[in-house]
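Here the structure comes first, spelled out in structure tokens, and everything after it is commentary.
Throughout, numbering of the chain's residues begins at 1 and tracks the sequence. These numbers come from the heavy atoms of this one structure, side chains and all, not from hydrogens, waters or symmetry mates.
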Amino acid sequence: MKIVIVRFLILLSAVISSICFAREISLTFDDAPTPDSVLMTGAERTQKLIAALKLADVPDALFFVKADYINPQTAGRLTQYTDAGFHLASHSFTHQSANQLGVNAYAQDAYKAHLALKPFANVLNYHRFPFLHYGKDLTEINQLQNLLRELGYKDGYVTIDNFDWYISSLITKAAEEKKTINYEKARDFYVKSLYESIEFYDAIAKKSLKRSPRHVLLLHENDAAALFVGDLIQHLRSKGWKIISPQQAYKDPIAKSFPAVAFHKQGRVAAIANSKGVPEAELRHPSENETYLNQAFISAGIIENK
């Protein structure tokens with residue numbers, strides 16, 4: 001009897017430990033509402049994403065809106081996201097680089113997006129810079145942060161960067177060229193590539209922060225996400241990750257720790273590491289490279305020869 005009790009306590013301890021120390025991650029999607037593609041209409045993409053997130057019991061997801069995509073036909077897709085319990089936030093109006101536009105032009109663009117989002121429900125006061133370009137230098141970065149705060153916005157940073165947008169473009173391009181796509185291999189490639197990036201940036205966080213923060217994953221409202229985000233969520237949970245809401249993630253202490261560096265294009269964790277002396281070259285995963293992904297995509301056998 002004592003042996004049984006001891007074994008039960010050991011098992012219970014292991015379960016409690018796994019729950020207490022589960023790494024946490026939230027899902028955010030840029031560029032909504034993305035137009036139709038050869039693979040699916042925008043409306044179909046929205047329906048697939050909502051279905052996948054609901055089936056996976058995701059507590060919330062945040063869709064960063066490229067506001068010049070909003071028109072009478074696409075506005076309903078944003079409403080579908082909010083009706084499903086998800087939230088919207090700002091991703092600028094024209095999706096131009098703040099590094100190139102300059103402070104005044106970027107601020108005007110951000111304000112135009114601010115007005116475009118006013119008619120919608122479930123809008124959170126977060127702004128995410130296109131390309132994660134915060135400004136061409138530290139002076140402009142600080143000026144833009146101040147201007148966005150005056151508009152009532154918080155920084156919609158990410159902690160985990162990746163090239164999911166390019167993976168999706170490779171799949172879409174293959175479909176446009178009427179090539180035969182092995183979707184099982186495409187799914188595995190998508191999940192593997194993103195998971196490697198997730199572990200990469202979490203390792204940087206553990207080294208720089210001495211802990212795993214509440215992560216904000218950068219995704220895009222694209223075809224690959226519509227097809228495979230459910231598989232990614234399942235894989236994350238199988239590895240001990242807990243899916244949390246972006247609102248929870250943005251309560252992590254790093255939300256109040258804006259690094260005084262010009263390097264922000266790989267996300268908040270990388271910027272913090274850079275502020276502590278880690279070179280930029282060490283803060284970018286190898287898969288964040290088009291040539292690398294082109295070669296890996298071919299090697300994965302996703303395009304089948306007839």
Side-chain angles (χ1 to χ4, degrees), residues 21-28 30 64 91 97-100 106 126-146 148-149 154-167 191-220 232 235-236 239-242 244 246 248-293 295-296:
F21 296 103
R23 293 178 291 174
E24 298 178 318
I25 191 167
S26 63
L27 307 181
T28 65
D30 284 6
F64 283 87
H91 193 39
S97 167
N99 297 5
Q100 297 174 359
Y106 189 86
Y126 290 100
H127 178 89
R128 178 170 293 165
F129 287 89
F131 315 107
L132 302 183
H133 290 177
Y134 280 60
K136 69 179 181 181
D137 54 36
L138 197 53
T139 298
E140 287 199 357
I141 288 171
N142 290 332
Q143 288 175 341
L144 281 170
Q145 287 298 305
N146 290 334
L148 287 168
R149 275 195 293 269
K154 300 175 183 177
D155 182 26
Y157 66 82
V158 308
T159 63
I160 298 167
D161 192 28
N162 58 75
F163 267 33
D164 76 307
W165 58 272
Y166 193 69
I167 295 171
V191 172
K192 179 178 181 292
S193 298
L194 267 64
Y195 189 71
E196 286 178 354
S197 292
I198 290 166
E199 289 291 353
F200 175 79
Y201 286 105
D202 190 52
I204 291 172
K206 287 176 178 175
K207 188 174 181 179
S208 298
L209 303 172
K210 309 303 178 188
R211 66 183 180 88
S212 178
R214 294 173 177 173
H215 280 290
V216 180
L217 176 63
L218 173 62
L219 297 169
H220 288 79
L232 176 64
H235 186 73
L236 281 165
K239 297 295 184 180
W241 286 83
K242 178 183 178 183
I244 62 172
Q248 288 177 286
Y250 283 133
K251 289 179 182 178
D252 191 276
I254 64 172
K256 297 180 180 179
S257 177
F258 193 90
V261 295
F263 179 77
H264 289 270
K265 63 181 180 179
Q266 257 55 61
R268 179 62 56 89
V269 161
I272 291 172
N274 184 246
S275 73
K276 295 183 178 183
V278 181
E280 293 181 16
E282 297 179 13
L283 298 171
R284 184 185 183 99
H285 190 266
S287 66
E288 294 177 75
N289 177 281
E290 293 180 16
T291 301
Y292 175 99
L293 284 174
Q295 294 172 349

To the closest 0.5 Å, what do you measure between [atom1] ([X]) and [atom2] ([Y])?
| X | Y | atom1 | atom2 | answer |
| --- | --- | --- | --- | --- |
| Ile160 | Leu218 | CD1 | CG | 9.5 Å |
| Tyr134 | Leu132 | OH | CG | 6.0 Å |
| Gln143 | Leu138 | CD | CG | 10.5 Å |
| Ile141 | Phe263 | CD1 | CZ | 11.0 Å |
| Ile204 | Glu199 | CD1 | CD | 12.0 Å |
| Leu144 | Thr139 | CG | OG1 | 11.0 Å |

At their closest point, which heavy atom of [X] faces which heavy atom of [Y], and how far apart are they?
| X | Y | result |
| --- | --- | --- |
| Gly240 | Ala22 | O-CB, 3.5 Å |
| Val261 | Ala271 | CG2-O, 3.8 Å |
| Glu196 | Lys192 | OE2-NZ, 2.7 Å |

I want to check something: taking the side chain as every heavy atom from C-beta on, are [X] and [Y] in contact at a cut-off of under 4.5 Å?
| X | Y | answer |
| --- | --- | --- |
| Phe131 | Lys265 | no |
| Lys251 | Ile244 | no |
| Phe64 | Tyr126 | yes |
| Lys239 | Tyr195 | yes |

Check against side chain to side chain contact (heavy atoms under 4.5 Å, CB included), Arg211 and Ile254: CA-CA 11 Å; Arg211 66 183 180 88; Ile254 64 172; 3.9 Å; yes
Any sub-3.5 Å donor-acceptor pair from [X]'s side-chain atoms to [Y]'s backbone N or O?
| X | Y | value |
| --- | --- | --- |
| Asp252 | Arg214 | yes |
| Arg128 | Gly156 | yes |
| Asp164 | His220 | yes |

Side chain to side chain contact (heavy atoms under 4.5 Å, CB included) evaluation trace for Asn162 with Ile167: CA-CA 10 Å; Asn162 58 75; Ile167 295 171; over 6 Å; no
What pairs of donor and acceptor atoms, side-chain ones from residues 273-287 against any protein atom, are under 3.5 angstrom apart with sequence neighbours left out?
residue	atom	partner	partner atom	Å
Asn274	ND2	Val278	O	3.0
Ser275	OG	Ile272	O	2.5
Lys276	NZ	Ser208	O	2.6
Arg284	NE	Glu288	O	3.0
Arg284	NH2	Glu288	O	2.9
His285	ND1	Ser287	N	3.1
His285	ND1	Ser287	OG	2.8

Output field: ring centroids Tyr106/Phe129 closer than 6.0 Å: yes
His235: partners by side-chain hydrogen bond (donor to acceptor under 3.5 Å, both in side chains), with sequence neighbours left out: none
Under the salt bridge (charged side-chain N to carboxylate O under 4.0 Å, His left out) test, residues paired with Lys206 that sit two or more places apart: Asp202
From His264, Arg149, Arg268, residue fulfilling side-chain hydrogen bond (donor to acceptor under 3.5 Å, both in side chains) relative to Asp155: Arg268
Member of Trp241, Tyr201, Phe200 meeting the ring pair (Phe, Tyr, Trp, His ring centres under 6.0 Å) criterion with His215: Trp241
